[in-house]
**Student:** 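Quick one: structure below, then a few questions.
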Amino acid sequence: MGANRRPFRFLATSRVPLRLATGIAVAGLAWQTSPKPLSADPSLSSSGEKIKSAFDGVVRSSRAIYTITFIIVDYKYYLRSLPPNSSEYRIKLSEVHLRSARRLLRLCEANKGFYVKAGQFVSSLRQVPKEYSSALSSLQDQAIPCHFKDIKEVITKNLGKDLSEVFLAFDEQPMAAASIAQVHRGVLKDNKEVAIKVQYPGLEQRMKIDITTMDILSKLVSWIFPDYRFERVVSEFERATSLELDFIQEANNSERTARNFKKNNIIKIPHVYWDLTTRHVLTMQFCSGHKVDDLDFLKDSGINPKKVAKALMEVFAEMIFVHGFLHGDPHPGNILVSPEGHHRFSLVLLDHGIYRELDERFRLDYCQLWKALILLDSQKIQHLGERFGVGKYSKYFPVIFTGRTIDSKSALGGQMSNEEKKRLKQELRSLRMEDISSFLESLPDDFLSILRTDGLLRSIISKLGAPRRVRLLAYARYAAYGLGSQSSINSGSRVTYALSQIRTNVSYIQFRILIEILALLSQIEDMRYSLVSSLRRMLHGVVYFLSGTLFFLHS
């Protein structure tokens, strides 16, 4: 009977009334709970625009609630009466995951704006089913530019001047378009090239309606499926998006990151022109380059993709473990590679709207966690798991971050043995969605931000063809650097403090030596692989030459 189940479908005649009723209810709720009236949005200057914005909110909310309701019913109907631990259940669950992911993709494409942003956010979360992350990942490059007339109006309202008074030249065609803003290229009166990031009009009110819809839907899903709790994901998305709408904050983040890396020649942060920057318009230095994962460009420029991956991982490892100030949206469009001649390059870091400032105690604990992960110190991992609030789930930290089980015998960066894989697979099958939700809800917000960023970075270095150990060694090395600043947390008497410092320094030196040995072994492995490849090419050439010679002599 289960094999013949069909996806649940609503009758077509019931769709329009359902969408309209739910959309009006959500839009009305968002209006009532909004901290400021609609007229406070500076981009909505006329009553016609206000009405259009409200109507658009009704349509988007209607479409969203209808889609999610459809998905919920499909899960309930298609999986009914199947034992959760059965193979049939797992097969059917994957099927409904895939259907639902495609429906969500269509919803994001239809609603655009914050829904695209939300889809991008979800696709970068490593904890969501692979069907969702795979389907929604196509949203990373989807954005329809706003009409230049509307963009020009936002600029003139914010800067208080006409474009001709500020710019010698201004390209009406955007260089790039994202879910909340688009970027134009311009030339100032002093001939300096700039990039002007302009926020789409009406976003603040739209966000209020869309976030209210998402919040209601997450509560509805959690009520129907108690094991699935998404309220925290919505809350984190709202926090990140609210920060991203303030270009003044983005400019401050940009300058702080530039100060943090002022001694690092490989990373470039565009200069901010403060006299031409407001909450809705950001003017910065124009920096040329190509997306970090553009393999054809790297090949044509003679730049080694693995060296790019290594530099990228070191930059973000330094952010996490040393600075405690982390760029939260490192997708390929926000990281450019700029050639510097003789196969050298620099990394241009863009879009500083989403950042997470890590708690200092958390930063040091996270450094300690990576030290324990490298050493496979199960007691320390469990202790830190208690500090992070995840308890028994801490044993999965090695799997999540290093691809090894907590009792693994495999080398760092190596593959798990078949026996380890089999044991881990059996153990994971016993986990329920309630366990996964409990684990995620227990993690500190800082931890969730790192997981999301790490997921995006893994995707990039994988495309660049870098081995796993590039990421692992970068994190391990900068965790060791980060532990060097631990003394600021210590306290107590002078004698206790001195002894604690000695123990800390000795431990730090031992860890550093281990990391450098691992890095050296990694370099030797790379050299061995390069030598073997060269010998193979030489041997192939010799065989080809000899075969040609013999053929010539024989003929």
Side-chain angles (χ1 to χ4, degrees), residues 120 140-143 145 169-171 173-179 181-188 191-198 244 247 250-251 253-273 277 282-319 326-355 453 456-466 470 474:
Q120 293 171 349
Q140 292 293 349
D141 297 319
Q142 288 194 19
F170 193 99
D171 190 351
Q173 294 298 319
M175 298 164 45
S179 52
Q182 62 191 51
V183 181
H184 291 259
R185 190 171 181 174
V187 180
L188 298 178
N191 286 311
K192 291 180 180 176
E193 281 193 277
V194 292
I196 307 98
K197 184 176 180 180
V198 187
E244 203 172 0
F247 288 176
E250 178 174 344
N253 293 341
S254 172
E255 290 200 334
R256 179 173 173 181
T257 302
R259 290 193 298 271
N260 287 343
F261 287 98
K262 63 182 178 181
K263 295 181 181 179
N264 188 330
N265 295 325
I266 206 165
I267 185 168
K268 287 184 178 178
I269 309 294
H271 169 74
V272 175
Y273 290 86
T277 294
L282 173 58
T283 306
M284 53 205 149
Q285 171 192 4
F286 174 79
C287 293
S288 61
H290 286 247
K291 285 185 178 182
V292 68
D293 62 350
D294 188 339
L295 294 175
D296 291 335
F297 165 74
L298 295 178
K299 181 181 178 181
D300 293 342
S301 303
I303 297 172
N304 188 336
K306 293 180 182 178
K307 289 186 177 180
V308 173
K310 181 175 181 291
L312 176 66
M313 288 310 310
E314 287 179 348
V315 165
F316 275 85
E318 186 172 342
M319 285 185 181
L326 176 62
H327 189 299
D329 196 20
H331 67 75
N334 289 339
I335 306 165
L336 306 181
V337 177
S338 181
E340 300 290 345
H342 302 292
H343 308 299
R344 293 184 294 111
F345 62 91
S346 60
L347 295 175
V348 182
L349 193 58
L350 306 174
D351 200 347
H352 301 268
I354 301 177
Y355 266 78
T453 298
L456 291 168
L457 292 172
R458 285 192 193 202
S459 176
I460 293 173
I461 66 168
S462 174
K463 189 169 182 181
L464 291 172
V470 167

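All residue numbers in this chain count up from 1 along the given sequence.
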**Student:** State the CG-CG distance between L312 and L349, to the nearest 0.5 angstrom.
**Tutor:**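 Separation between the atoms: 9.0 Å.
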**Student:** Pair M313, L457 - check side-chain contact (heavy atoms from CB on, under 4.5 Å), show working.
**Tutor:** CA-CA 7 Å; M313 288 310 310; L457 292 172; 4.0 Å; yes
**Student:** May I have the step-by-step check of side-chain contact (heavy atoms from CB on, under 4.5 Å) for V308 and I303, ending in yes or no?
**Tutor:** CA-CA 8 Å; V308 173; I303 297 172; 3.6 Å; yes
**Student:** Cation-pi check, K307 to F345: give yes when NZ or CZ is under 6.0 Å from the six-membered ring centre and within 45° of the ring axis, no otherwise.
**Tutor:**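 That pair does not qualify as a cation-pi contact.
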**Student:** Identify which one of V292, D293, N304, L464 satisfies the side chain to side chain contact (heavy atoms under 4.5 Å, CB included) criterion when paired with L298.
**Tutor:**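 Among the candidates, only L464 passes.
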**Student:** Which residues pass the side chain to side chain donor-acceptor pair (under 3.5 Å) test with H184, not counting sequence neighbours?
**Tutor:**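 With sequence neighbours excluded, H184 shows a side chain to side chain donor-acceptor pair (under 3.5 Å) to Q182, given in chain and number order.
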**Student:** Taking R185 first and then D171, would you say they form a salt bridge - that is, a charged N and a carboxylate O separated by under 4.0 Å?
**Tutor:**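 Salt bridge between R185 and D171, a charged N being under 4.0 Å from a carboxylate O: no.
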**Student:** May I have the step-by-step check of side-chain contact (heavy atoms from CB on, under 4.5 Å) for T257 and Y355, ending in yes or no?
**Tutor:** CA-CA 10 Å; T257 302; Y355 266 78; 2.8 Å; yes
**Student:** Check whether any side-chain heavy atom of M284 sits under 4.5 Å from a side-chain heavy atom of K197, and report yes or no.
**Tutor:**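 They are in side-chain contact.
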**Student:** Looking at every non-hydrogen atom in both residues, tell me the closest pair between Y273 and V194 and how far apart they are.
**Tutor:**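 Here Y273 and V194 meet closest at CE1-CG1, 3.6 Å.
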**Student:** Can you give me the closest heavy-atom contact between T283 and T277, atom names plus distance?
**Tutor:**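 The answer is N-OG1, 3.3 Å.
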**Student:** Considering residues at least two apart in sequence or located in another chain, which fulfil the side chain to side chain donor-acceptor pair (under 3.5 Å) criterion with S301?
**Tutor:**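 Applying side chain to side chain donor-acceptor pair (under 3.5 Å) to S301 gives none.
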**Student:** Are the side chains of K192 and F286 in contact, using a 4.5 Å heavy-atom criterion?
**Tutor:**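 Side-chain contact under 4.5 Å: no.
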**Student:** What pair of heavy atoms forms the shortest contact from L350 to P270, and how long is it?
**Tutor:**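 Heavy atoms of L350 and P270 come nearest at CD2-CG, 3.7 Å.
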**Student:** Give, for atom NZ of K291 and atom CG of N334, the distance between the pair rounded to the nearest 0.5 Å.
**Tutor:**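 Rounded to the nearest 0.5 Å, the NZ-CG separation comes out at 9.5 Å.
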**Student:** Mind checking whether F170 and I196 have side chains closer than 4.5 Å, heavy atoms only?
**Tutor:**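 The answer is yes; the side chains approach within 4.5 Å.
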**Student:** Distance from F247 atom CZ to H352 atom NE2, nearest 0.5 Å?
**Tutor:**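 F247 atom CZ to H352 atom NE2 measures 13.0 Å (nearest 0.5 Å).
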**Student:** For residues S254 and V272, determine if any side-chain heavy atom of one lies less than 4.5 Å from a side-chain heavy atom of the other.
**Tutor:**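 Yes; the side chains approach each other to less than 4.5 Å.
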**Student:** With sequence neighbours excluded, what pairs up with E340 under the side chain to side chain donor-acceptor pair (under 3.5 Å) test?
**Tutor:**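 For E340, the residues satisfying side chain to side chain donor-acceptor pair (under 3.5 Å) (neighbours in sequence not counted) are K268, S346.
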**Student:** For a quick test of reading the model, state the closest non-hydrogen atom pair linking A474 to A317 and the distance between them.
**Tutor:**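 Scanning both residues, the minimum pair turns out to be O-CB, 3.7 Å.
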**Student:** Looking at every heavy atom in both L456 and P330, which two are closest together, and how far apart are they?
**Tutor:**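 The answer is CD1-CD, 3.5 Å.
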**Student:** Determine the minimum heavy-atom distance between H327 and D351, stating which atoms define it.
**Tutor:**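 Taking every non-hydrogen atom into account, NE2-O, 2.7 Å.
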**Student:** Could you pull out every donor-acceptor pair under 3.5 Å between side chains of residues 260-267 and any protein atom, sequence neighbours left out?
**Tutor:**
residue: N264; atom: OD1; partner: I266; partner atom: N; Å: 2.9

**Student:** Apply side-chain contact (heavy atoms from CB on, under 4.5 Å) to residues V348 and I335 and explain how you reach the verdict.
**Tutor:** CA-CA 6 Å; V348 182; I335 306 165; over 6 Å; no
**Student:** Can you list every salt bridge (charged side-chain N to carboxylate O under 4.0 Å, His left out) pair that touches residues 294-305, not counting sequence neighbours?
**Tutor:**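 Every candidate salt bridge (charged side-chain N to carboxylate O under 4.0 Å, His left out) pair involving residues 294-305 fails, so no pair, neighbours aside, qualifies.
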**Student:** Can you list every ring pair (Phe, Tyr, Trp, His ring centres under 6.0 Å) pair that touches residues 292-311, not counting sequence neighbours?
**Tutor:**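 Qualifying pairs: H290-F297.
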